[in-house]
Number of protein chains: 2
Amino acid sequence: MASSRLATNLSAIAAALGVSVATVSNALSGKGRVSPELVERIRKTASELGYVPSSAGRALRTGRSGVLGLVLPDIANPLFPQIAQAIEKAAVNAGYGVLIADARGEIAMQTDAIDRLIERGVDGMVVVPRRGTRISGVDCPVAVIDSPSTPGNTVAADHWDGGRQVGEYLASLGHRKVVLVGKNRDSNVQNDRLGGIRDGLGKTCLAQTLWIDGIEKGGGAGCRLGLAEKVAEGFTAFAAVSDLHALRVLTELQRAGIEVPEEASVTGFDDLIFSAVVTPPLTTMRMDMGRIADLAVGALLRAIDGAGENGAAVDVTADVSKVPMALIMRGSTGKTKHDAIEAKNTTAGELTP
Amino acid sequence: MASSRLATNLSAIAAALGVSVATVSNALSGKGRVSPELVERIRKTASELGYVPSSAGRALRTGRSGVLGLVLPDIANPLFPQIAQAIEKAAVNAGYGVLIADARGEIAMQTDAIDRLIERGVDGMVVVPRRGTRISGVDCPVAVIDSPSTPGNTVAADHWDGGRQVGEYLASLGHRKVVLVGKNRDSNVQNDRLGGIRDGLGKTCLAQTLWIDGIEKGGGAGCRLGLAEKVAEGFTAFAAVSDLHALRVLTELQRAGIEVPEEASVTGFDDLIFSAVVTPPLTTMRMDMGRIADLAVGALLRAIDGAGENGAAVDVTADVSKVPMALIMRGSTGKTKHDAIEAKNTTAGELTP
DNA sequence: CTGAAAGCGCTTACAG
DNA sequence: CTGAAAGCGCTTACAG
């Protein structure tokens with residue numbers, strides 16, 4: 001007959017045992033020096049009474065809510081599950097809860113989302129900012145997850161190096177004419193990835209960027225990207241900045257009767273939920289979200305613990321880290337058929353193992 | 001020079017104006033009767049001082065945290081973004097925050113996740129349960145989002161009727177041999193959808209179910225489903241219980257050189273993020289997540305407000321609602337080529353407009 | 001090793 | 001219309 005009928009508190013336990021609430025508190029928290037026998041009795045009674053500490057009482061007293069905020073530009077972003085899962089895990093491991101705030105894709109709502117979190121008394125927050133947005137003037141510790149190219153305090157994957165790996169990999173497969181597929185020219189993350197890909201591809205490779213937003217401005221959402229034409233022009237690989245776009249490329253190619261990877265290779269980024277499951281499975285670049293989350297939450301906790309020291313100064317975390325990305329080779333990439341033709345004027349011998 | 005240097009509270013405002021905290025509280029909350037002029041002065045000072053009410057103080061006093069919990073079986077579930085976004089929106093509209101708790105796919109962790117939320121003092125929680133799990137004994141109002149077939153207190157989409165719509169639609173296109181694609185035999189949601197599809201297809205149609213988990217047990221994750229063989233056997237449509245599986249079907253068919261929708265139609269469920277963007281775009285069945293979330297949160301709020309009445313009794317919400325689903329017709333479905341052949345022994349004339 | 005007391009910030013009857 | 005006072009549940013010095 002444990003618990004139920006809510007509202008068991010320290011006083012109730014104290015009363016039941018004829019001791020003081022201070023002693024109960026000390027025993028349960030393991031801080032004050034209480035005799036082992038008493039601790040045992042108090043624990044027992046607490047559990048019999050179904051005691052759950054009041055987070056409000058504790059928060060009011062300690063000035064800490066034990067809750068971290070997670071601000072997202074748009075929960076609908078396909079990368080969000082990975083981020084949320086990693087942050088939640090890191091927070092729980094550190095004994096914190098996670099309050100979410102979604103800006104629903106509207107840039108203006110980001111500030112609202114942050115304010116909402118402040119009002120709920122979060123001890124700190126992780127912000128995944130809207131493209132190009134700067135976070136400032138927030139009255140609590142903040143860790144930003146973005147591209148390292150973004151000035152400010154950031155924990156991020158090394159998108160540029162990830163791109164470089166993709167580029168080198170495609171080059172090693174013999175690709176010499178590659179279409180880069182991006183969505184939005186303003187995205188730091190996308191620009192980093194694309195820059196890296198170009199770099200990895202090297203000087204001898206022709207790279208051309210297709211901006212989806214630009215194409216859609218003419219043909220409406222979901223219109224054709226004209227990929228078959230690219231293949232006809234001799235392009236043999238498509239490197240997208242996200243698996244979502246890679247999937248779009250893959251299916252448009254397949255629909256046009258172009259075989260992947262035999263006639264064209266496709267790569268993406270982020271290892272989204274569907275990437276391993278499509279046919280052929282997508283070669284992609286994965287971030288170590290667990291590590292990113294640990295860094296972000298760790299920086300937050302340090303800032304929170306340090307906040308008490310120098311008066312009431314609240315410092316934004318300043319842990320600029322670059323987390324490496326990992327290439328995941330799957331079926332959507334292969335050696336180009338054009339190897340034979342192009343081999344003579346390249347160093348393909350060295351590049352293709 | 002507003003705000004900063006945290007820690008402005010009611011006392012500070014009261015002191016600055018030479019009034020009592022009670023008056024400040026009343027003025028700011030608009031409850032007590034305070035003269036309009038004073039209200040105005042108090043508001044002004046509060047905003048100048050950058051006053052943010054202490055949620056802890058309020059929670060401790062009122063016994064309400066103003067926070068709702070969202071328990072998820074696995075954030076990695078592709079449907080999660082829609083759920084989270086809808087719940088967050090509904091909660092924010094009602095003035096609540098949302099604390100997330102992820103069971104990371106482990107059935108045992110669901111209880112931990114719930115406990116974590118209780119310890120954080122949520123006023124109620126929305127639970128998306130793991131397959132077949134029953135939620136019970138939780139000491140706060142709970143709204144469950146699942147299939148209506150699950151006994152208990154549930155807000156759900158009408159999965160069965162959604163399936164029926166898919167079935168009828170495929171039948172109306174002339175399909176007479178349809179492969180149903182499910183993942184897990186134990187899922188109420190999947191069984192409802194499949195049952196509905198069979199029902200909508202009608203007696204004259206041959207329907208056969210492919211269970212992905214069963215197939216993968218033999219061939220490992222991501223192995224082929226043998227769809228080309230099904231097409232060879234005369235099946236002309238594939239109806240999956242999720243867009244994720246529909247995507248798998250679509251790409252496997254395309255990879256096998258089978259044209260969609262000319263040679264085979266494909267349908268899914270849930271209108272996932274990628275569904276509109278692939279080629280051909282997926283015909284799918286969408287739930288009204290906004291409505292589901294509103295119902296769930298609404299039920300929760302009613303339970304929360306009612307909790308004070310009958311002693312301390314905490315009642316689980318009992319709002320069993322069926323929210324209709326909407327068919328979204330896109331390019332992955334079309335009339336079957338076999339119409340001509342099969343027309344003689346069916347009522348295809350009536351069914352195809 | 002144990003307890004009495006103060007106080008975190010708020011709201012809510014209750015007086016005036 | 002305004003204020004004094006109590007108390008939500010907890011933790012933390014401080015005494016004993």
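To find a chain, count down the sequence lines: A is the first, B the second, and so on, and within it residues start at 1.
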Handout entry: Between D/dC1 (P) and B/Glu37 (CD): distance, integer Å
Key = 9 Å
Practice task
State which of D/dT2, D/dT12, C/dT12 makes the closest approach to the side chain of B/Leu38.
Solution key: D/dT2
Exercise for the section: Would you mind reading off the distance between A/Leu10 atom CG and C/dG3 atom C1', rounded to a whole angstrom? Expected result: 14 Å
Practice task
Give one of base, sugar-phosphate or nothing for A/Ser35, where a contact means two heavy atoms less than 4.0 Å apart.
Solution key: sugar-phosphate
Practice task
For B/Glu119 and D/dC10, give me the distance from atom CD to atom P, rounded to whole Å.
Solution key: 13 Å
Problem - Value in whole Å for how far the P atom of C/dG9 lies from CG of B/Leu28 - result: 16 Å
Problem - Exam field: side chain B/Asp123 to backbone B/Ser65, donor-acceptor pair closer than 3.5 Å - result: yes
Practice task
Starting from C1' on D/dC10, measure out to CD1 on A/Ile13 and report it in whole angstrom.
Solution key: 12 Å
Exercise for the section: Find the distance A/Leu60:CG to C/dG7:P and express it as a whole number of Å. Expected result: 13 Å
Exercise for the section: Would you indicate, yes or no, if C/dT12 has its OP1 or OP2 atom less than 4.0 angstrom from a side-chain nitrogen or oxygen of B/Lys31? Expected result: yes
Exercise for the section: Using whole Å, report how far CZ of A/Arg41 lies from P of C/dC1. Expected result: 15 Å
Handout entry: Nearest atoms (heavy-atom pairs only) where A/Leu301 meets A/Tyr96
Key = CD2-CE1, 3.4 Å
Exercise for the section: Report yes or no: does B/Gln110 contribute a side-chain atom to a donor-acceptor pair with the main-chain N or O of B/Ala103 at less than 3.5 Å? Expected result: no
Practice task
Check whether any side-chain N or O of B/Ser25 sits under 4.0 Å from OP1 or OP2 of C/dT11, and answer yes or no.
Solution key: yes
Completion exercise
Applying the 3.5 Å cut-off to both distances, the Watson-Crick or G-U partner of D/dA13 turns out to be none
Practice task
Give a yes/no on whether any side-chain N or O of B/Thr23 is located under 4.0 angstrom from OP1 or OP2 of D/dT2.
Solution key: no
Practice task
Any strand is fair game: report the nucleotide pairing with C/dA4 by Watson-Crick or G-U wobble, both distances under 3.5 Å, or none.
Solution key: none
Handout entry: Nearest-neighbour nucleotide for the B/Arg61 side chain, C/dG9, C/dT2, D/dC10 considered
Key = C/dG9
Handout entry: Nucleotide nearest A/Val19 when distance is taken to its side chain, options C/dG3, C/dC10, D/dT11
Key = C/dG3
Practice task
Would you kindly compare A/Thr62 and B/Val21 by the position of their nearest DNA chain C nucleotide and give the one closer to the 5′ end?
Solution key: A/Thr62
Practice task
Please tell me which of A/Val52 and B/Ala22 maps to the more 5' nucleotide of DNA chain D, matching each residue to the nucleotide holding its nearest heavy atom.
Solution key: B/Ala22
Exercise for the section: Compare every heavy atom of A/Phe80 with every heavy atom of A/Asp74, then report the nearest pair and how far apart it is. Expected result: O-CB, 4.5 Å
Practice task
Using atom CZ of A/Arg120 as one end and atom P of C/dC10 as the other, report the distance to the nearest whole Å.
Solution key: 15 Å
Practice task
May I ask you to evaluate whether A/Arg58 reaches the phosphate of D/dT11, defined as a side-chain N or O under 4.0 Å from OP1 or OP2?
Solution key: yes
Problem - Stepwise side chain to side chain contact (heavy atoms under 4.5 Å, CB included) test for A/Leu68 and A/Leu99 - result: CA-CA 6 Å; A/Leu68 261 25; A/Leu99 215 38; over 6 Å; no
Practice task
For A/Ser54, report the nucleic acid contact type (base, sugar-phosphate, nothing); a contact means any heavy atom under 4.0 Å.
Solution key: sugar-phosphate
Practice task
Decide side chain to side chain contact (heavy atoms under 4.5 Å, CB included) for B/Cys140 and B/Ile118; before the verdict, give the C-alpha distance in whole Å, the side-chain angles of both, and the deciding distance to 0.1 Å.
Solution key: CA-CA 8 Å; B/Cys140 83; B/Ile118 294 284; 3.9 Å; yes
